[in-house]
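To keep things clear, I will list the structure first and then write my remarks on it.
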Amino acid sequence: MYTAHPDRYARMPYRRTGKSGLKLPALSLGLWHNFGPDRTAESQRAILRRAFDLGITHFDLANNYGPPPGAAESALGDVLRTDFAPHRDELVVSTKAGYLMWPGPYGEWGSRKYLLSSLDQSLTRLGLEYVDVFYSHRFDPETPLEETMGALHSAVQQGKALYVGVSNYSAEQTREAARILGELGTPLLIHQPRYSMLDRRPETEGLLDALDELRVGSIAYSPLEQGLLTGRYLNGVPADSRAASDSPFLQREAVTEDLVTRLRALNALAEGRGQTLAQLALAWVLRGGRVTSALIGASSTRQLDDSVAAIAHLDFDTEELARIDALVGP
């Protein structure tokens, strides 16, 4: 029988999400990869238990996470029943809908029919009556935003979600989503953008500024840029890496000689701070408090421990930030 670590809240910092009453851990566990039938149930269970013992109270999902789609929600659902049932009120469970889940015209994007049907399916897989956060996973250019946001509002009204968020929305789309939700009486809680030292679009395209103005929280996905910022690519492309596979998320061509040179320089900076490159990258995303939480993935408890160690050193001096800007650009 699982017994949660008694000191699980001792070291993890928790940050208020926008202007809401909800606090999230500085690091949240994303179940995008590593939670499906190609991994043993015991390894998945061990990662989830270790995460909670380290103070990670937020588990982030989407309907299509696995592979196959739905597998990650089912995996967490199993552990919610076997280990986390006594701790449900200590956990934040989030899921999303927006990408393809089933054939036909109602199986993706942002219609009311798709979003609410998907949420019902997610709740069944999770074995829950409600999720804490339900997201529109991507903006739908062919559905009125009023309909998409109205569906999120309905999820809250129906008691199937406590809060709502958006992901992969531009600054302008986020402002409009927040306006519509505000008029409906369901505030926009959070935005989930892709953000890392190598992908600074939330800064350059004004999204972080918009979130500051709206007082909406943020949770960054891919802060390690699909593994590029983990140190695995300091000597090129390893044969067993994601870039060497047929992954659609990271191609071999992206690992250029120039990039490797910059990664090595970042690694040297990390070593000077007493960190790994991955820890540096996570600390950088969390610097200054503009980002509420950073999403980490883990294929083992050891990898999870390494990532969580980043919280020990989240501060940067001006010289370090200038060096990073010189290497990866503002």
Side-chain angles (χ1 to χ4, degrees), residues 5 7-15 24-34 46-48 50-60 193-200 202-203 218-235 238 241-243 250 255 259-329:
H5 197 288
D7 297 327
R8 58 190 177 275
Y9 297 117
R11 291 180 297 167
M12 177 64 67
Y14 298 86
R15 298 179 170 188
L24 292 179
L27 295 175
S28 300
L29 183 64
L31 279 69
W32 182 21
H33 296 299
N34 307 315
I47 292 168
L48 291 166
R50 180 60 177 161
F52 188 51
D53 285 344
L54 291 170
I56 295 177
T57 54
H58 178 212
F59 299 125
D60 179 79
R194 179 169 180 154
Y195 183 44
S196 75
M197 287 195 293
L198 299 178
D199 187 347
R200 300 178 67 166
E203 293 176 32
S218 59
I219 178 165
Y221 75 88
S222 291
L224 302 181
E225 200 59 30
Q226 295 296 312
L228 287 174
L229 293 169
T230 62
R232 292 206 70 200
Y233 296 90
L234 296 178
N235 295 304
S241 66
R242 184 171 295 169
L250 180 61
V255 188
L259 176 60
V260 170
T261 298
R262 289 186 287 143
L263 292 176
R264 288 173 178 165
L266 288 170
N267 187 62
L269 192 157
E271 289 177 346
R273 288 167 50 88
Q275 292 182 312
T276 65
L277 177 56
Q279 290 163 359
L280 171 75
L282 292 170
W284 182 89
V285 165
L286 293 168
R287 75 199 187 287
R290 294 188 83 186
V291 170
T292 312
S293 184
L295 277 169
I296 56 173
S299 58
S300 67
T301 55
R302 180 179 177 181
Q303 190 179 70
L304 186 64
D305 288 346
D306 181 76
S307 293
V308 172
I311 65 175
H313 191 3
L314 297 180
D315 296 325
F316 290 82
D317 61 36
T318 54
E319 181 181 347
E320 289 171 329
L321 291 174
R323 288 174 63 190
I324 292 171
D325 284 347
L327 288 168
V328 297

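When a residue number appears, it is its place in the shown sequence, counting from 1. Atoms considered below: every heavy atom in the structure, side chains included; atoms not considered: hydrogens, waters and symmetry mates.
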Minimal non-hydrogen separation, Arg15 against Leu314, with atom names:
NH2-CD1, 3.9 Å
With sequence neighbours excluded, residues passing salt bridge (charged side-chain N to carboxylate O under 4.0 Å, His left out) with Arg50
Asp305
Are any side-chain N or O atoms of Arg262 and backbone N or O atoms of Leu327, one a donor and one an acceptor, separated by less than 3.5 Å?
yes
Kindly indicate, with the supporting measurements, whether the criterion side chain to side chain contact (heavy atoms under 4.5 Å, CB included) is fulfilled by Asn235 and Arg264.
CA-CA 9 Å; Asn235 295 304; Arg264 288 173 178 165; 3.6 Å; yes
Specify the closest pair of heavy atoms between Ile47 and Ala298, including all atoms of both residues, with the distance to one decimal.
CD1-O, 3.4 Å
About how many Å separate CG of Leu24 and CD1 of Ile56, when rounded to the nearest 0.5 Å?
12.0 Å
Heavy-atom nearest pair, Leu282 first then Ala310, reads CB-CB, 4.0 Å
Any non-hydrogen side-chain atom of Asp325 less than 4.5 Å from a side-chain atom of Arg200?
yes
Which heavy atom of Gln303 sits nearest a heavy atom of Gly297, and at what distance?
OE1-O, 3.7 Å
CG/Asn34 to OG/Ser299 distance, rounded to the nearest 0.5 angstrom?
5.0 Å
Think Arg323 forms a cation-pi with Phe316, using NZ or CZ under 6.0 Å from the six-ring centre and within 45 degrees of its axis?
no
Donor-acceptor pair, side chain of Ser28 and main chain of Leu295, under 3.5 angstrom:
no
Rounded distance (nearest 0.5 Å) linking atom CG of Leu304 with atom CG of Leu48
9.5 Å
Nearest-0.5 Å distance, NE2 of residue His313 to CD of residue Gln275:
5.5 Å
Donor-acceptor pair, Tyr14 side chain versus Gly55 backbone, under 3.5 Å?
yes
Using a strict threshold of under 4.0 Å (side-chain N to carboxylate O), is an ion pair present between Glu203 and Arg287?
yes
Measure the acute angle between the ring planes of Tyr195 and Trp284, then classify it against the limits of 30° and 60° as parallel, tilted or perpendicular.
tilted
For Asp306, does its backbone N or O pair with a side-chain atom of Gln279 as donor and acceptor, under 3.5 Å?
yes
Of all the heavy-atom pairs spanning Ile296 and Val308, show the shortest one and how long it is.
CD1-CG2, 4.4 Å
Show, in sequence, the C-alpha distance, side-chain angles and deciding distance for His5 and Leu54, and conclude whether the side chain to side chain contact (heavy atoms under 4.5 Å, CB included) test is met.
CA-CA 8 Å; His5 197 288; Leu54 291 170; over 6 Å; no
Taken to the nearest 0.5 Å, the spacing of Leu280 CG from Ile324 CD1 works out to 5.0 Å
Asp199: partners by salt bridge (charged side-chain N to carboxylate O under 4.0 Å, His left out), with sequence neighbours left out:
Arg194, Arg201
Please check this pair: side chain of Ser218 against backbone of Arg290, looking for a donor-acceptor N/O pair closer than 3.5 Å.
yes
CG (Asp315) and CG (Leu286) are apart, to the nearest 0.5 Å, by 11.0 Å
Which atom of Met12 lies closest to which atom of Pro25, heavy atoms considered:
CG-CB, 3.8 Å
